[in-house]
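These figures come from a predicted structure and were not determined experimentally.
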Amino acid sequence: MYIDKLKLKGKTAVITGGSRGIGREIALAFAEMGANVVVAGRKLPDLERAAEDIAAAGGTGLAVAAHAGKTGDLENLVQATVDRFGTIDILVNNAAVNPVFGPIESIDEALFSKMMDVNVKGYLMLARMAMPHMEKAGGGSIINIASVEGFKPSYGTGLYSVTKAAVVMLTKVLALEWAAKKIRVNCIAPGLVRTHFSEFLWKNEEILKLYLEHCPIKRIGQPYEIAGLALFLASELAGYTTGSVFTADGGYLI
Ligand SMILES: NC(=O)c1ccc[n+]([C@@H]2O[C@H](COP(=O)([O-])OP(=O)(O)OC[C@H]3O[C@@H](n4cnc5c(N)ncnc54)[C@H](OP(=O)(O)O)[C@@H]3O)[C@@H](O)[C@H]2O)c1
């Protein structure tokens, strides 16, 4: 009975940053539950490989190249999804960038705009574009990927922390405003997870040691340990859950 409520057969999910790391793992989890999964990112060949993996896992995959910070690309992503599958039931705003490491005073205006465009504005724009389709279909689930950095900053990644704190509040605002439309909006805040994105952190012995000192579970996470939460939030089992932020961080924020 519980397994039936986890199933996503007939549901269509859009996942930004679905070609690798956490986004790809979420795509595979949704696929295993029978969903149609649209993966978006900048590089089409990587997305096409992910779409093949989605099909092999039991779902139907569609690859759409889209830059998460470009509104025109996001409009095209929504249109391509609706053209192929008819609607959007689940949106995972996952793609984010962190192109600098250093003190906040060294970040120039152009970089500030780029990070805000992808990590914050893109999340809002795509949610807004998906909303009418979800409303028409009778409801939906939006999952925003933030970070523990949205709660507790680290030296060197200050602006990234600012963007992730914004994602946490965006989640709550959307959850409040769209509950009447039966659209649930939740957030996952991962700790350090083994992906390409965070390689510069977990491959640096000094930084890894510092992280593990504050991490009671004493290891970094794996993408599937984030995907499981996303699957719950996308499913009927999370029907009473909205505006919530779930950490998956080995206890780092304790
Ligand atoms: N890994 C961690 O330790 C960790 C911790 C906390 C939070 N997070 C969050 O988890 C999410 C996923 O991170 P990850 O670790 O899985 O990263 P990842 O393995 O590097 O994957 C990033 C994905 O995003 C896509 N992407 C990057 N820039 C994009 C853009 N401008 N437009 C569209 N797609 C873009 C990439 O594809 P293309 O390069 O082809 O565009 C790729 O599919 C991010 O929101 C990140 O902030 C990660």
Side-chain angles (χ1 to χ4, degrees), residues 2-3 6-8 13-35 37 39-41 43 46-47 49-59 61 90-98 101 119 141 143-152 154 157 160-161 164 167-168 186-235 237-238 241 244-254:
Y2 278 90
I3 189 77
L6 264 186
K7 285 186 181 149
L8 301 175
V14 173
I15 305 174
T16 65
S19 62
R20 59 169 191 264
I22 291 169
R24 179 178 176 277
E25 203 60 38
I26 293 173
L28 295 180
F30 288 2
E32 204 175 311
M33 291 297 141
V37 187
V39 279
K43 297 178 212 91
D46 293 354
L47 295 164
R49 263 193 298 278
E52 283 168 20
D53 296 342
I54 287 164
I90 301 155
L91 166 64
V92 184
N93 274 316
N94 165 73
V97 290
N98 184 22
F101 188 82
N119 295 13
S141 171
I143 299 158
N144 293 324
I145 307 298
S147 167
V148 290
E149 293 288 321
F151 296 94
K152 183 181 181 299
S154 305
T157 53
Y160 175 73
S161 291
K164 291 302 189 179
V167 168
V168 170
N186 292 288
C187 181
I188 300 175
L192 194 53
V193 176
R194 185 178 295 270
T195 68
H196 171 76
F197 180 81
S198 56
E199 217 172 48
F200 75 107
L201 297 172
W202 53 264
K203 279 200 172 162
N204 180 321
E205 274 180 33
E206 219 173 293
I207 295 177
L208 180 63
K209 188 166 166 273
L210 204 64
Y211 177 81
L212 294 181
E213 269 170 24
H214 294 274
C215 178
I217 284 187
K218 298 293 175 208
R219 64 169 175 85
I220 68 172
Q222 298 292 338
Y224 78 88
E225 292 170 310
I226 308 302
L229 260 179
L231 178 58
F232 164 71
L233 291 171
S235 79
L237 287 178
T241 303
S244 298
V245 184
F246 296 83
T247 52
D249 65 349
Y252 176 78
L253 284 182
I254 298 169

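- Residues P223 and T195 come closest through the heavy atom pair CG-CG2, 4.1 Å.
- Side-chain atoms of S198 come within 3.5 Å of backbone atoms of V193 as a donor-acceptor pair (strictly under, hydrogens ignored).
- Taking every heavy atom of both residues into account, F30 and A13 meet most closely at CD2-CB, 3.6 Å.
- E199 meets the salt bridge (charged side-chain N to carboxylate O under 4.0 Å, His left out) test with K203; sequence neighbours excluded.
- Interatomic distance, L6 CG to S235 OG, rounded to the nearest 0.5 Å: 4.5 Å.
- Every residue was checked against the salt bridge (charged side-chain N to carboxylate O under 4.0 Å, His left out) condition with K152, not counting sequence neighbours, and none meets it.
- When the side-chain hydrogen bond (donor to acceptor under 3.5 Å, both in side chains) test is applied to R49, the partners found at least two apart in sequence or on another chain are D46.
- One N or O on the side chain of N119 and one on the backbone of V97 form a donor-acceptor pair closer than 3.5 Å.
- Within the model, atoms CG of L201 and CD1 of I207 stand 5.5 Å from one another, a figure rounded to the nearest 0.5 Å.
- Remark: F246 engages no residue in a ring pair (Phe, Tyr, Trp, His ring centres under 6.0 Å) (not counting sequence neighbours).
- Between atom CG of residue L28 and atom CD1 of residue I54 there is a gap of 6.5 Å, rounded to the nearest 0.5 Å.
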Apply side-chain contact (heavy atoms from CB on, under 4.5 Å) to L231 and L8, showing your working.
CA-CA 9 Å; L231 178 58; L8 301 175; 3.9 Å; yes
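- Taking the side chain to side chain contact (heavy atoms under 4.5 Å, CB included) definition, one finds that A238 meets it with R184, F232, L233, T241, sequence neighbours left out.
- More than 12 non-hydrogen atoms from other residues, nucleotides or ligands lie less than 6.0 angstrom from CG of L237.
- Scanning for side chain to side chain contact (heavy atoms under 4.5 Å, CB included) contacts around A189 gives F151, V245, T247, with sequence neighbours left out.
- For residues 210-220, every residue pair satisfying the side-chain hydrogen bond (donor to acceptor under 3.5 Å, both in side chains) rule, not counting sequence neighbours, is listed here: R219-E225.
- Residues forming a side-chain hydrogen bond (donor to acceptor under 3.5 Å, both in side chains) with N98 (at least two apart in sequence, or on another chain): none.
- Across G250 and C215, no two heavy atoms sit closer than the pair O-SG, 3.6 Å.
- Listed by chain and number, the residues in a ring pair (Phe, Tyr, Trp, His ring centres under 6.0 Å) with F197 are Y160 (sequence neighbours excluded).
- For the side chain to side chain contact (heavy atoms under 4.5 Å, CB included) test, residues two or more places apart in sequence or in another chain that qualify with A51 are A63.
- To the nearest 0.5 Å, atom CG of residue D249 and atom CD1 of residue I217 are 8.0 Å apart.
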Listed pairs under 3.5 Å, donor-acceptor, residues 14-23 side chains, sequence neighbours left out:
| unit_1 | atom_1 | unit_2 | atom_2 | d |
| --- | --- | --- | --- | --- |
| T16 | OG1 | N94 | N | 2.8 |
| T16 | OG1 | A95 | N | 2.9 |

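- Shown here for V168 and A146, the closest heavy-atom pair between the two residues is CG2-CB, 4.1 Å.
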Problem set entry | Working for side-chain contact (heavy atoms from CB on, under 4.5 Å), residues I143 and I26 | CA-CA 11 Å; I143 299 158; I26 293 173; 6.0 Å; no
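- The line from CD1 of I145 to SG of C187 is 7.0 Å long, rounded to the nearest 0.5 Å.
- Nearest approach of I226 to A248, heavy atoms of both residues: CD1-CB, 3.6 Å.
- Listed by chain and number, the residues in a side-chain hydrogen bond (donor to acceptor under 3.5 Å, both in side chains) with T157 are E149 (sequence neighbours excluded).
- Remark: S147 OG to I188 CD1 distance equals 12.5 Å, nearest 0.5 Å.
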